[in-house]
Amino acid sequence: MQARMPDLEPSDAEEVASPSVLGITPPSRSSEEGERAWAQAVAFTRDRSPASFDQWFSGVQFDGFTDGVLSLRARDEFVRQWIEDYYLPTLSDWLRAHTGLSIQARWSIDVALDRPVADRPSYPPVRPRTISVRPVPAEEPSGVRDVVSVTASTAPPPPPPPRIYAVAAPMEALNPKSTFGNFVVGPSNQLAHAASMAAAGGGSRRHNPLFICGGTGLGKTHLVHAIAHSVRSDRPEARIVYISAERFVNEFVQALQDQKMNDFRARYREKCDVLLVDDIHSLAGKTQTQEEFFHAFNALHQGGKQIVVTSDKYPQQLDKMEERLVSRFQWGLVADIHAPELETRVAIIRKKAQLEHIELEGDVCLHIAQSVRSNVRELEGTLIRLAAKASLLGKPIDINFTRTEIAASGTARPNEASVEDIQRMVCHHFKLRSVDLVSKDRHKSIAFARHVAMYLCKQRLKCSFPELGRAFGNRDHTTVISAVRKVESLRSHDPEVRAHLEALERKLGSIE
Ligand code: ADP
Ligand code: MG
């Protein structure tokens with residue numbers, strides 16, 4: 001925001017900014033339709049810039065939206081100016097797109113708002129150090145900007161200091177593109193997708209909590225964002241809290257420091273209808289935060305509020321996590337996501353290309369999908385890199401270009417090891433027969449080699465536990481989970497095991 005006019009005297013500010021001088025009377029009643037459109041526009045705007053939404057919208061009141069005129073009341077000029085500069089464009093665009101009307105904002109100033117858009121934050125509003133005032137020039141259309149603009153006299157007013165958000169932030173940012181509509185469903189993720197739709201209120205049976213787990217870059221965060229978007233649009237009044245576990249820890253620590261535990265607890269236990277916690281594995285070892293989360297979980301669960309948690313591990317695999325939390329995570333549904341199959345990868349590339357307006361020729365999609373197998377993030381990254389390079393060189397993304405680029409970037413992994421490769425290698429290393437690993441033989445040395453093979457497959461191939469269970473003589477996925485866990489733990493304190501693993505990993509490196 002820039003100072004648009006030379007500074008005027010502060011006394012002018014008071015005179016011009018006074019509500020009585022502005023003399024704007026908002027419409028007494030707004031149409032129901034207008035109110036609905038406004039609520040949706042607000043939800044959309046909040047998603048776009050959630051970090052400071054409450055901070056500013058606690059100083060704004062909605063008075064009506066009729067025939068394209070949006071009547072708003074601001075607590076003071078500074079809030080009005082800020083909203084106008086940073087939020088109104090998004091709000092207006094949304095309303096214009098959804099009502100077809102061109103939007104005019106009509107402002108009034110009122111120090112005592114009785115129905116602010118957002119709850120009043122628990123900290124004082126941000127103030128510029130000096131303000132300057134200018135009357136609106138006569139030629140500006142009346143009714144649109146018929147109040148004065150007050151701007152910081154020098155640089156843009158600084159955004160509120162980050163500490164403030166530690167306790168009061170409404171939500172972490174949601175990616176507007178992470179919707180259900182943009183999520184490609186395939187066998188690898190259909191359970192998690194269906195369960196997420198249900199958690200968002202999509203009709204079928206809701207599981208509480210919903211625990212979504214899977215390797216990195218497979219769409220967990222996308223699904224929780226999609227839940228938030230969907231709830232927002234279907235039930236704008238629902239209070240959604242989306243937060244990463246890491247941030248939950250930070251907020252908790254901050255609240256303790258600032259002696260604001262009551263606010264913190266209210267936010268997670270009372271003022272929440274849907275709790276979405278991303279990457280819960282980051283609570284590992286944080287006992288006090290786990291305790292706090294446990295109580296929030298119980299309060300919400302008892303109140304029938306939906307809880308969705310994501311994790312890179314199955315609940316039983318979560319390290320340094322209180323047993324009572326682990327068991328609660330299994331109360332509802334544990335839905336795992338696996339690396340997508342070829343067809344799903346092709347569909348994902350098509351979808352991303354369409355979303356990013358990237359034109360791909362012929363069998364380019366298939367070639368990318370065959371070359372990049374590990375996760376969707378890498379798939380996306382490859383596509384974006386190709387598009388950027390093609391546009392820089394002014395070339396089309398055809399098959400030759402794609403082949404050359406992928407080969408040059410080393411993204412392609414045509415010789416990636418398979419489960420069978422790893423099993424063969426482990427057998428060779430421990431001097432066993434291939435059948436031993438898939439047999440029911442529980443002899444100690446065979447069991448150990450089997451566990452090591454399972455561990456390496458899990459590390460290297462990003463296969464799901466059930467898939468691995470099947471590949472190792474149709475064992476249950478929980479057997480694989482405990483095997484992987486055991487090897488992880490041995491690796492950290494048994495030098496002999498570590499040496500075996502390192503030798504095997506070196507060999508694996510040479511065949512990958
Ligand atoms: P995770 O949280 O599991 O690490 P993300 O949800 O961040 O993974 O996904 C990584 C990227 O891949 C995101 O850009 C996401 O939109 C995309 N993505 C993942 N799965 C899918 C899918 N099934 N359809 C479309 N995009 C997907
Ligand atoms: Mg994630």
Side-chain angles (χ1 to χ4, degrees), residues 47-48 50 171-197 199-200 202 210-230 241-249 275-284 307-315 317-318 329 334-358 360 365 368-369 371-388 411 458-459 461-465:
D47 284 350
R48 294 276 308 261
M171 287 236 284
E172 286 193 11
L174 292 178
N175 182 339
K177 289 186 181 162
S178 297
T179 58
F180 283 127
N182 290 341
F183 191 82
V184 175
V185 186
S188 56
N189 58 31
Q190 64 189 4
L191 175 64
H193 172 261
S196 300
M197 297 267 279
L210 168 61
F211 190 96
I212 304 174
C213 57
T216 181
L218 294 183
K220 303 181 296 295
T221 299
H222 187 132
L223 282 177
V224 277
H225 283 206
I227 295 173
H229 287 307
S230 169
V241 177
Y242 164 67
I243 191 159
S244 62
E246 194 182 351
R247 177 144 161 190
F248 186 84
V249 175
L275 177 64
L276 309 168
V277 183
D278 214 355
D279 295 331
I280 198 78
H281 47 266
S282 346
L283 286 194
I307 303 166
V308 181
V309 170
T310 77
S311 161
D312 67 357
K313 300 187 172 76
Y314 282 86
Q317 264 201 313
L318 285 167
F329 290 151
V334 176
D336 52 4
I337 309 188
H338 316 150
E341 312 68 19
L342 181 68
E343 294 79 357
T344 314
R345 296 202 297 275
V346 170
I348 290 174
I349 297 170
R350 288 221 176 99
K351 183 83 186 178
K352 294 288 165 189
Q354 179 202 340
L355 282 175
E356 303 296 331
H357 308 290
I358 299 171
L360 298 178
C365 277
I368 304 177
S371 312
V372 185
R373 307 189 207 164
S374 50
N375 71 55
V376 182
R377 192 174 291 130
E378 218 178 293
L379 209 56
E380 266 183 14
T382 306
L383 176 65
I384 301 297
R385 266 196 310 280
L386 281 174
T411 316
K458 190 63 202 158
Q459 298 301 309
L461 306 184
K462 310 259 184 324
C463 296
S464 70
F465 289 111

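Side-chain atoms are counted along with the backbone in the values below, which use heavy atoms only and exclude waters and symmetry mates. In listed order, ligands and their atoms are each counted from 1.
- Short contacts between ligand 1 and Asn189, defined as distances under 4.0 Å to a heavy atom of the residue, involve ligand atoms 23 (N).
- For the pair Ile212 and Ile337, the minimum side-chain heavy-atom distance is below 4.5 Å.
- Under the 4.0 angstrom criterion for non-hydrogen atoms, Lys352 is in contact with ligand 1.
- Remark: of the listed residues Tyr242, Phe180, Phe183, Tyr242 is the sole one forming a ring-ring contact (aromatic ring centres under 6.0 Å, His included) with His225.
- Using a 4.5 Å heavy-atom cutoff, the side chains of Leu355 and Asn182 are in contact.
- Among protein heavy atoms, the minimum distance from atom 21 (C) of ligand 1 is reached at Phe183 CE1, 3.7 Å.
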- Run the numbers on Phe329 and Val334 for side chain to side chain contact (heavy atoms under 4.5 Å, CB included), then give the verdict. CA-CA 8 Å; Phe329 290 151; Val334 176; over 6 Å; no

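- The residue Asn375 has no part lying near ligand 1, judged by heavy-atom distances below 4.0 Å.
- Around atom 13 (C) of ligand 1, the closest heavy atom drawn from Lys220, Arg377, Glu378, Glu380 belongs to Glu380.
- Side-chain contact between Val308 and Phe211 is absent, with no heavy atoms from C-beta onward closer than 4.5 Å.
- Protein heavy atom closest to atom 18 (N) of ligand 1, with residue, atom name and distance, is Val376 CG1, 3.2 Å.
- There is a side-chain donor-acceptor pair under 3.5 Å between Asp278 and Thr310.
- In this structure, Gly217 has a heavy atom closer than 4.0 Å to ligand 1.
- Take a cut-off of 2.8 Å around the Mg ion (ligand 2): the protein N, O or S atoms inside it are Thr221 OG1.
- With hydrogens and angles disregarded, a donor-acceptor distance shorter than 3.5 Å links the side chain of Asn375 to the backbone of Arg377.
- Using a 4.5 Å heavy-atom threshold, the side chains of Ser311 and Leu318 count as touching.
- Inter-residue side-chain proximity for Ile307 and Leu210 is flagged as unmet; no heavy-atom pair is nearer than 4.5 Å.
- Each of the following atoms of ligand 1 lies closer than 4.0 Å to a heavy atom of Asn182: 24 (N), 25 (C).
- Close approach to Gly219 involves these atoms of ligand 1, each under 4.0 Å from a residue heavy atom: 1 (P), 3 (O), 5 (P), 6 (O), 8 (O), 9 (O), 19 (C), 20 (N).
- If you check which protein heavy atom lies closest to atom 2 (O) of ligand 1, you get Thr221 OG1, 2.7 Å.
- Annotation for ligand 1: atoms under 4.0 Å from non-hydrogen atoms of Gly215 are 3 (O).
- Below 3.5 Å of separation, one finds an N or O of Val184 facing an N or O of ligand 1.
- Taking the ring-ring contact (aromatic ring centres under 6.0 Å, His included) definition, one finds that Tyr314 meets it with Phe465, His477, sequence neighbours left out.
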- Message: Between Thr216 and Leu218, does the side chain to side chain contact (heavy atoms under 4.5 Å, CB included) criterion hold? Intermediate values first, please.
- Response: CA-CA 6 Å; Thr216 181; Leu218 294 183; over 6 Å; no

Only pairs under 3.5 Å count here: list side-chain donor-acceptor contacts from residues 345-352, not counting sequence neighbours, and write none if there are none.
from, atom 1, to, atom 2, distance (Å)
Arg345, NE, Ala369, O, 2.8
Arg345, NE, Val372, O, 3.2
Arg345, NH1, Pro340, O, 2.8
Arg345, NH2, Ala369, O, 3.0
Lys351, NZ, Gly181, O, 3.2
Lys352, NZ, Glu380, OE2, 2.7

Side-chain donor/acceptor pairs under 3.5 Å, residues 188-197, sequence neighbours excluded:
from, atom 1, to, atom 2, distance (Å)
Asn189, OD1, Gly186, N, 2.9
Asn189, ND2, Val184, O, 3.1
Ser196, OG, Ala192, O, 2.7

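- Nearest protein neighbour of atom 6 (O) of ligand 1, counting heavy atoms only, is His222 N, 2.7 Å.
- For ligand 1, the atoms lying closer than 4.0 Å to a non-hydrogen atom of Thr216 are 4 (O).
- Where the criterion is an N or O separation shorter than 3.5 Å, residue side chain and backbone included, Leu218 meets it with respect to ligand 1.
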